[in-house]
J.: 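I have a structure here, written as C-alpha cells, and I will follow up with some questions on it.
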Amino acid sequence: MTFENSLTHAQQLDQQDPLAPFRQQFIIPEHNNNKQLYFLGNSLGLQPRRTQVHLQEVLNQWAQYGVESWFMGEKPWLQYHDTLTTPLANIVGALPHEVVVMNQLTVNLHLLMVSFYRPQGKRNKIICEAKAFPSDQYMFETHVKHLGFNPEEVIIEIGPRAEEHTIRTEDILQAIEQHKDELALVLWGGINYYTGQVFDMAAITKAGQAAGAKVGFDLAHAAGNIPVQLHQWNVDFACWCSYKYLNSGPGAIGGAYIHERYHNDNSLQRLAGWWGYDKATRFLMQKGFVPVASAEGWQLSTPSPLLYAAHKAALEIVEEAGWDNIQAKRKKLSNWLWFLLEEVNTTTAEPVIEFITPREEAERGSQVSMLMLRDGKKIFDELTKAGIIVDWREPNVIRLAPVPLYNTYQEVWHFADTLLDILKNKV
Ligand SMILES: *Cc1c(COP(=O)(O)O)cnc(C)c1O
C-alpha cells in the first residue's frame, strides 16, 4: 500500500473503506459546532447510538415487571449474560464458557489472583511489567501484603533496557528462566498503556508455564483492539475492561477469561458469592458453595442489567462490522497515521517526535505514543484548542489512538496537518 500525503488521498481512502458507514452508529462529541477529532478510544470509547435503546429496554422491563424482569419480558435478565459471552469470546479468542462478564478490571485482577497466585515455599515470586498501569501496581502491592509478603521481595518487575522505551521479549523470557525455581505467577499486560507496545503473549505463556508458574494477562488495552487467542495460547486467565476499545461506557462491566481446565478444579481457591453458585440449585439458598462449572463460577454479586445492555449494544456493532474487517482497517488507519507523522518529522527543521510505540506492525495496536522532543505541553494545548482530543502523559508524551469503528482517514490527515501547522507557526 502506498500512501500519498493529501486530503484528496484521505478522501479516497474513506470512500474505499467498507467500515465507513459504522461511524454513523456512534455519537461524535462536538467542538465549536464541528465534530471533535476524537482519538481517545483507548481511554473511553465513544457512545454507540443504540446504547440508549438497549438501556431503555431494560428500564422499560423493570417498569413493567419489577423483580420478575429476571425471568420475564423480551430479554429476561437471568439469561442476558448468555448474549454477551459468545461475541466476547470471539474477540479474545476463548471458548464461550471460558468468558464471564462481571465486575470491573481491578476487582477482577484481585479475584483472579486469589485463584492463580498460590505461593508455596520459595515458589512465591510474581513477574510483571515495570511501570504497569498504576491500578495494577497497587493491586500487586496490596494483594501480596495481605498474604503477609513484602512486595519488594516477591514482585519482580521487568522494564526496558537503558535508553530504550519498550521491553524486549528476550528479556522477559530470560527473567522467567532466571527465576524459574521460585516463580508462582507471571501476570503481564497485553499492551502497555503508556507505550502502546504489544507483548508476545504466546511466548510469555509458554515460558511461564514451562517454569511451573501460572500465566495471566491484563487485556485492558488489548481487548477489542488487537487479535488475541487466549485459549489457543493456553493462557491460564485474563481480564479486561470494556470502556476503552469495547465502547461499553464509563465504568462499564468488565470481563474475565478462565481456561476451561480450571472450571471443575476444586483445589483452586476463590472468593465466592451467590451469583457464582450452580444455577440449577442457586435459589434453594443452601449452605456450602457449589460453583457454576464455567467461568461464571467466579461471579460474586448480582450484576447490573443496565451495564449488560450498554455492553451488548457495543458488542453487536463489532459483530455487524466483522472482526476481520475491523482488524484490516485498524492496520491501515494506523499505517496511514505513521506515514503522515513520519512526514511531519521530516518537514520540520529538526524531528520533533520520537516514537515510543514500536514501528513494527505486529508490535502495536491502534495507539501511537509520541515523545515530544520540544514544546510538548504547548503542542498538546494547541491541539486541544483545535478540537483534537488526544492525551497528555508526563513528562512529555502525547498518546492517540485512531480506532477503526468511528475514526476516518480524513480525521487522521487533519490531525497530522494541524500538528504540522502548530509546529511551524505556533510553537
Ligand atoms: C485502564 C486500565 C485499568 C483501569 O482499571 P479499572 O479497574 O477499570 O479502573 C487497569 N489496568 C490497565 C492496564 C488499564 O489500562
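One is the number of the first residue; the rest follow in order along the sequence. Counting starts at 1 for both ligands and their atoms, in listed order.
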J.: Which ligand 1 atoms, with their elements, are less than 4.0 angstrom from a heavy-atom of Ala220?
T.: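 Listed by number with element, the hits are 2 (C), 12 (C), 13 (C), 14 (C), 15 (O).
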
J.: As an exercise, identify every atom of ligand 1 less than 4.0 angstrom from a heavy atom of Asp218.
T.: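 So the atoms of ligand 1 that pass are 11 (N), 12 (C), 13 (C).
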
J.: Counting only heavy atoms not in Tyr138, do more than 12 sit closer than 6.0 Å to its OH atom?
T.: no

J.: If we only count heavy atoms from C-beta on, is the Tyr65 to Pro76 side-chain gap below 4.5 Å?
T.: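 No. Closest side-chain heavy atoms not under 4.5 Å.
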
J.: One pair to check against side chain to side chain donor-acceptor pair (under 3.5 Å): Glu394 and Trp392. What are the steps and the verdict?
T.: CA-CA 7 Å; Glu394 295 294 341; Trp392 176 252; 3.2 Å; yes

J.: For Arg161, check salt bridge (Lys or Arg N to Asp or Glu O under 4.0 Å) against everything at least two apart and list the hits.
T.: Glu170, Asp171

J.: Any nitrogen or oxygen of Gln104, main chain or side chain, under 3.5 Å from a nitrogen or oxygen of ligand 1?
T.: no

J.: What atoms of ligand 1 come within less than 4.0 Å of a heavy atom belonging to His221?
T.: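 Those qualifying, in numeric order: 15 (O).
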
J.: Specify the protein heavy atom at minimum distance from atom 14 (C) of ligand 1: its residue, its atom name, and the distance to 0.1 Å.
T.: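 Protein heavy atom with the smallest distance to atom 14 (C) of ligand 1: Lys244 NZ, 2.9 Å.
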
J.: What protein heavy atom sits nearest atom 11 (N) of ligand 1, and how far away is it?
T.: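 Protein heavy atom with the smallest distance to atom 11 (N) of ligand 1: Asp136 OD1, 2.6 Å.
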
J.: Please work out whether any backbone atom (N, CA, C, O) or any side-chain heavy atom from C-beta onward of Thr106 is under 4.0 Å from ligand 1, and answer side chain, backbone, both or neither.
T.: both

J.: Ser135 to ligand 1: N or O pair under 3.5 Å?
T.: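 Checking ligand 1 against Ser135, no N or O pair falls under 3.5 Å apart.
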
J.: Glu57 and salt bridge (charged side-chain N to carboxylate O under 4.0 Å, His left out): which single residue from Lys312, Lys75, Arg50 fits?
T.: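 With Glu57 as partner, salt bridge (charged side-chain N to carboxylate O under 4.0 Å, His left out) holds for just one option, Lys75.
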
J.: As a test of understanding, state which of Phe199, Phe140, Phe217 forms a ring-ring contact (aromatic ring centres under 6.0 Å, His included) with Trp188.
T.: Phe199

J.: Could you check which of Trp240, Tyr243, Phe133 puts a non-hydrogen atom nearest to atom 6 (P) of ligand 1?
T.: Tyr243

J.: So is there a nitrogen or oxygen of Tyr193 less than 3.5 Å from a nitrogen or oxygen in ligand 1?
T.: no

J.: Tell me, please, which residues at least two apart from Thr85 pass side-chain contact (heavy atoms from CB on, under 4.5 Å).
T.: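 Scan of Thr85 (side-chain contact (heavy atoms from CB on, under 4.5 Å), adjacent residues dropped) gives His81, Val99.
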
